[in-house]
Amino acid sequence: MNVTIAVVAYTWKRLKNNEIPLYLRVTKDRKKKHIGLGISVKSEHWDFIKNQPLKNCPNKEEIQQIIIQRTKEYQEQVLGYKLENKDFTVKTLVEKVKNPMKAKTVKEVFDLYIKQLKEANRIRYADMFKITYNSLVKFNGHLDIHFSEIDIAWLKRYEAFMKGQNLAMNTLELRFVRLRTVFNFAIEEKIVKPEYYPFGKYKISKLKQKTAKRSILKSEILNVLDYKGKTPYECLAVDLFTFSYLTAGINFVDMSNLKQENVLDNRLSYIRKKTNKVITVSLQPKALELISKYADKDNPYLFPILSPIHKTEQQKANRRHKVMRKVNKCLKEIGKELDLPIGLTTYVARHSYSTVLKRSGVSTSIISETLGHSSEKITQIYLDSFENSQIDEAMKNLL
């Protein structure tokens with residue numbers, strides 16, 4: 001890994017002012033690369049033996065400073081490669097020096113990442129990163145620090161800080177996952193060197209707890225479906241829960257986006273926002289009844305969650321959050337009244353859809369046992385690999 005870095009004067013390339021330009025010549029494995037220094041001198045002011053300006057050279061100190069600084073940049077990068085035991089070429093060395101890590105603080109990278117999520121219309125996901133950001137600020141006081149400062153000891157202090165707040169372990173895990181996501185983003189953007197990555201030794205998996213039961217028995221599901229709401233919001237809550245259960249556990253966000261164009265020949269077809277997969281399921285009579293019940297010529301959406309007045313993604317996200325909060329509050333009250341073993345939410349419909357089919361003897365190849373965050377993707381892959389007729393037959397077990 002022998003590398004030589006020297007200053008040379010291009011005598012054969014005189015400028016219009018009759019001066020000769022100065023270059024750094026980097027040599028490795030007999031390969032050479034010349035990098036312009038942006039400075040030039042007259043021939044009579046240059047020592048061609050020692051490759052340095054003569055005493056009578058105007059701006060001698062300034063020229064020497066530039067040469068020292070640029071040479072140091074290459075020497076430091078070569079040393080870095082040696083310490084990492086990484087091989088390199090002259091070309092990669094020059095590119096590395098010319099495009100160094102961009103100095104950005106953790107705050108700046110969080111802001112950038114959240115901005116990109118919002119531009120991609122992933123508003124709720126961006127909000128989750130904002131929550132993690134606020135938690136980190138509360139812990140550290142500020143995030144005007146560099147990622148190299150986030151080491152294992154720092155992470156352990158942050159873990160202890162959150163435990164002191166009596167937060168659930170799964171909350172700790174999610175916040176660390178989001179911090180890790182932003183750290184990986186910083187590495188990809190060449191903001192921090194990979195060797196500073198602390199999550200190789202600090203294991204987030206130790207914080208993971210087994211997800212609490214989120215499904216109920218088929219008999220309990222039917223009790224919810226038969227529940228007569230006392231208020232318009234209670235009725236809406238039961239109807240949305242019912243529709244989700246009968247349409248392969250469609251989640252609240254995707255349900256809010258449904259329009260009449262998603263219904264064709266008694267089938268529901270939509271693109272799942274989270275996975276960008278096309279989902280197609282049969283619509284049972286009860287699901288079709290609910291679509292007819294909420295049909296509104298002035299609103300293109302199937303359900304009164306969104307309406308034409310919600311134009312921007314932020315407005316839609318805010319509206320979804322508001323309705324979902326009210327719906328889940330009603331469902332929890334209904335669940336207590338029905339003496340259900342767990343808190344009732346729209347997400348329970350998603351989990352119960354899978355467990356009811358599983359307990360009815362439906363093959364796990366068609367529907368997996370759980371629909372948690374870690375297994376949603378696998379479940380959808382399974383569903384995509386089967387004919388509609390197989391899934392339709394399996395869904396007859398829901399009622």
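Starting from 1, each residue takes its place in the sequence as its number. Everything quoted here is computed from the prediction, not taken from an experiment.
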Task: Evaluation steps, salt bridge (charged side-chain N to carboxylate O under 4.0 Å, His left out), between K336 and E333 - done: CA-CA 5 Å; K336 288 178 182 178; E333 292 172 354; over 6 Å; no

TODO: Could you state whether L37 and Y10 fall into the same hydrophobic cluster, counting links through intermediate Ile, Leu, Val, Met, Phe, Trp or Tyr residues with side-chain heavy atoms under 4.5 angstrom apart?
DONE: no

Open item on the list: Here's one to test your reading of the geometry: is the NZ or CZ of K96 within 45 degrees of the ring axis of F88 and under 6.0 Å from its centre?
Closed with: no

Open item on the list: Evaluate Y81 against D87 for side chain to side chain contact (heavy atoms under 4.5 Å, CB included), listing each step before the verdict.
Closed with: CA-CA 7 Å; Y81 279 131; D87 197 10; over 6 Å; no

Task: W154: which of F139, Y196, Y202 passes ring-ring contact (aromatic ring centres under 6.0 Å, His included) - done: F139

Task: Within the 6.0 Å centroid threshold, strictly below: F303 and F243 - done: yes

Open item on the list: Test of understanding: clusters of I, L, V, M, F, W, Y form through side-chain heavy atoms closer than 4.5 Å, transitively. Do I123 and L112 belong to the same one?
Closed with: no

Task: E149 side-chain N/O to I145 backbone N/O, donor-acceptor pair under 3.5 Å - done: no

Task: Ring centre gap for Y158 and F176 strictly below 6.0 Å - done: yes

Open item on the list: Tell me if the NZ atom of K72 is crowded by more than 12 foreign heavy atoms within 6.0 Å.
Closed with: no

TODO: Determine whether more than 12 heavy atoms belonging to other residues, nucleotides or ligands lie under 6.0 Å from atom CG of D144.
DONE: yes

Task: Ring centroid separation F129 to Y133 under 6.0 Å - done: no

- [ ] Take L302 and K259 through the test side chain to side chain contact (heavy atoms under 4.5 Å, CB included) and record every step on the way to the result.
- [x] CA-CA 5 Å; L302 294 188; K259 295 182 178 181; 5.5 Å; no

Open item on the list: Is there a continuous path of hydrophobic side-chain contacts, each under 4.5 Å between heavy atoms, that joins I131 to L172?
Closed with: no

Open item on the list: Whether the R14 and S43 side chains hold a donor-acceptor pair (N or O, under 3.5 Å, no angle test) is what I'd like checked.
Closed with: yes

Open item on the list: Donor-acceptor pair, distance only, cut-off 3.5 Å: does the side chain of Q116 make one with the backbone of Y113?
Closed with: no

Open item on the list: Check for me, please, whether L155 and L174 land in the same ILVMFWY cluster - side-chain distances under 4.5 Å, paths through other members count.
Closed with: no

Task: Option from K316, R272, K273, R320 for which side chain to side chain donor-acceptor pair (under 3.5 Å) with N257 holds - done: R320

Task: Gap separating the CG atom of L222 from the CD atom of E220, nearest 0.5 angstrom - done: 10.0 Å

Open item on the list: Between I250 and L264, is there shared hydrophobic-cluster membership here, with clusters defined by ILVMFWY side-chain heavy atoms closer than 4.5 Å?
Closed with: no

Task: T89 versus T92, side-chain donor and acceptor atoms under 3.5 Å - done: yes

Task: Within 6.0 angstrom of K293 NZ, more than 12 heavy atoms from elsewhere - done: yes

Task: Rounded distance (nearest 0.5 Å) linking atom SG of C57 with atom CG of D47 - done: 11.0 Å

TODO: Under the side chain to side chain contact (heavy atoms under 4.5 Å, CB included) rule, what do V90 and L93 come out as? Steps first, then yes or no, please.
DONE: CA-CA 5 Å; V90 170; L93 172 63; 5.6 Å; no

Task: Under 3.5 Å: donor-acceptor pair, side chain of N140, backbone of L143 - done: no

